[in-house]
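As the structure lists them, so they are numbered: ligands from 1, and atoms in each ligand from 1.
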Amino acid sequence: MKTLKRFVLVGAPASGKGTQSSFLSESYDLKPLSTGALLRAEVAAGSPLGLEAKKYMDAAMFVPDEVVNGIVSQWLGNNKDCGCLLDGYPRTVAQAQTLDENLAKLGLGVDIVVFLNVSQELIEARMLRRKACPVCGETTRNGEEVCPKCGAGMIVRSDDNPEAFAKRRKDYESLTLPVVEHYRAQGKVVQIDVTEEGEPEAVSARIAAAVAAYVG
Ligand code: AMP
C-alpha cells in the first residue's frame, strides 16, 4: 500500500477545485496551499509580491513561473514533514519540473495527482455564479454575499468575466493540461470526469473511491 503525503489537485478554473481541496485536506489530513488564494491575499494586503502579481492576475495571465516557484518552494521547505495538497500549482510543465526537482532535493516527490476533469459547458455555467472571499480565499458557487468560512464580504473575482475566463480556459488547455500528461507518464494521475451538475459531495465520494483504488 502506498503512503500518500504529497497531493496535487488539477482542474480548470471553476471546476470546483476549491471545494474538493477542502475535502481532500480534511479527509487525508493535508495542509493545503492554493497559490491563487495566496496570491489574492497578497494583493489584498498590498504587499510588493501582491502588487507584482496583480498586474498579471487582472490581465488573466499566469504570474511568472519564477515568482510562483519561489513562493511554493519556500512553503514546501517549511512543510516538508506534513502531508500537503497543492491546489493551482503546478500550472505549467516548467513549474511541474521545478516542483519535482525541489521535492527530489528534499528526498520527496509528488505522490498523487487528482485531476478534476469537468466539461466546458458546466464550467461556463458555474463561472457566472462564482464568488471569492478576499480574506480567507474561500470560493462559493451560488452568489453568496458573506463568506461561509470567515464572515467577510464576498467579491466577484476581477478575473471572472467572459473575456478573462476565455483566456484562462485557453491557458489551462495549452499550458496546464500538459502537466496532467507529465504526471500521467509517471503513473500518478487519478482522473475524475464530471459532465453533469450535482452535489459537490458526490464528486468528493468519487475522488475518495478513486484515491482508495490508487492506494491499492
Ligand atoms: P486560481 O485561484 O487558482 O484560479 O488563481 C488565480 C490567478 O492567480 C490565476 O489566474 C493566475 O493569475 C494566478 N496563479 C495562481 N496559481 C498560479 C500558478 N501556479 N502559476 C501562475 N499563476 C498562478
Side-chain angles (χ1 to χ4, degrees), residues 6-22 24-25 32-45 47-76 84-103 110 113-116 118 120 122-124 126-141 147 149 154-180 182-183:
R6 269 152 307 273
F7 284 61
V8 169
L9 178 60
V10 179
S15 61
K17 238 169 2 99
T19 310
Q20 300 308 334
S21 165
S22 302
L24 283 167
S25 44
L33 173 64
S34 158
T35 45
L38 191 145
L39 290 167
R40 280 189 291 281
E42 293 287 336
V43 171
S47 70
L49 170 63
L51 292 176
E52 173 70 8
K54 188 175 188 313
K55 292 189 276 186
Y56 297 94
M57 294 167 82
D58 283 351
M61 289 165 68
F62 283 3
V63 174
D65 284 346
E66 55 278 16
V67 175
V68 185
N69 284 336
I71 303 172
V72 177
S73 75
Q74 192 183 6
W75 187 91
L76 284 170
C84 63
L85 172 66
L86 299 177
D87 165 2
Y89 179 93
R91 228 168 173 109
T92 63
V93 170
Q95 289 180 12
Q97 286 163 342
T98 302
L99 173 64
D100 292 349
E101 284 163 20
N102 286 339
L103 284 173
V110 168
V113 175
V114 177
F115 173 35
L116 209 48
V118 179
Q120 185 160 358
L122 266 189
I123 287 198
E124 281 172 6
R126 282 178 185 181
M127 192 269 297
L128 300 170
R129 304 193 305 268
R130 188 156 90 131
K131 290 214 174 173
C133 176
V135 176
C136 75
E138 175 76 348
T139 55
T140 60
R141 305 199 315 193
C147 176
K149 257 197 182 161
M154 299 292 275
I155 56 166
V156 174
R157 284 170 45 165
S158 57
D159 51 1
D160 272 354
N161 61 68
E163 296 75 32
F165 186 77
K167 160 104 180 69
R168 292 166 71 214
R169 175 83 200 178
K170 202 161 150 266
D171 285 344
Y172 167 75
E173 284 171 0
S174 60
L175 299 171
T176 306
L177 284 181
V179 171
V180 175
H182 171 87
Y183 286 112

Heavy atoms only: give me the nearest A53-L39 pair and the separation to one decimal.
CB-CD2, 3.9 Å
With a heavy-atom distance limit of 4.0 Å, tell me whether L39 approaches ligand 1 through its side chain, its backbone, both, or neither.
side chain
Geometry only, no angles: is Y89 polar-contacting ligand 1 at N/O separations under 3.5 Å?
no
Short question: side chain of T176, backbone of R91 - any donor-acceptor pair under 3.5 Å?
yes
One finds that the ligand 1 atoms under 4.0 Å from a non-hydrogen atom of M61 are 11 (C), 12 (O)
At a 4.0 Å threshold, what atoms of ligand 1 neighbour a non-hydrogen atom of K17?
3 (O)
Is a donor from one side chain sitting under 3.5 angstrom from an acceptor on the other, for T92 and D65?
yes
Does some side-chain heavy atom of S22 sit less than 4.5 Å from a side-chain heavy atom of K149?
yes
Quick check: do D58 and V43 have side-chain heavy atoms less than 4.5 Å from each other?
no
Using side-chain heavy atoms (C-beta onward) and a distance below 4.5 Å, is L85 in contact with S21?
yes
With a 4.5 Å heavy-atom cut-off, do Y89 and V179 have their side chains touching?
no
For ligand 1, which is the ligand I care about here, please tell me if R168 has any N or O atom under 3.5 Å from one of the ligand's N or O atoms.
yes
Give the numbers and elements of all ligand 1 atoms closer than 4.0 Å to a heavy atom of Q95.
18 (C), 19 (N), 20 (N), 21 (C)
Closer than 4.0 Å to some heavy atom of R40 - which atoms of ligand 1 meet that?
1 (P), 2 (O), 5 (O), 6 (C)
N/O of M57 under 3.5 Å from N/O of ligand 1, yes or no?
no
Identity of the nearest option to atom 18 (C) of ligand 1, non-hydrogen atoms only, from K54, K167, K55, R91
R91
P90 to ligand 1: N or O pair under 3.5 Å?
no
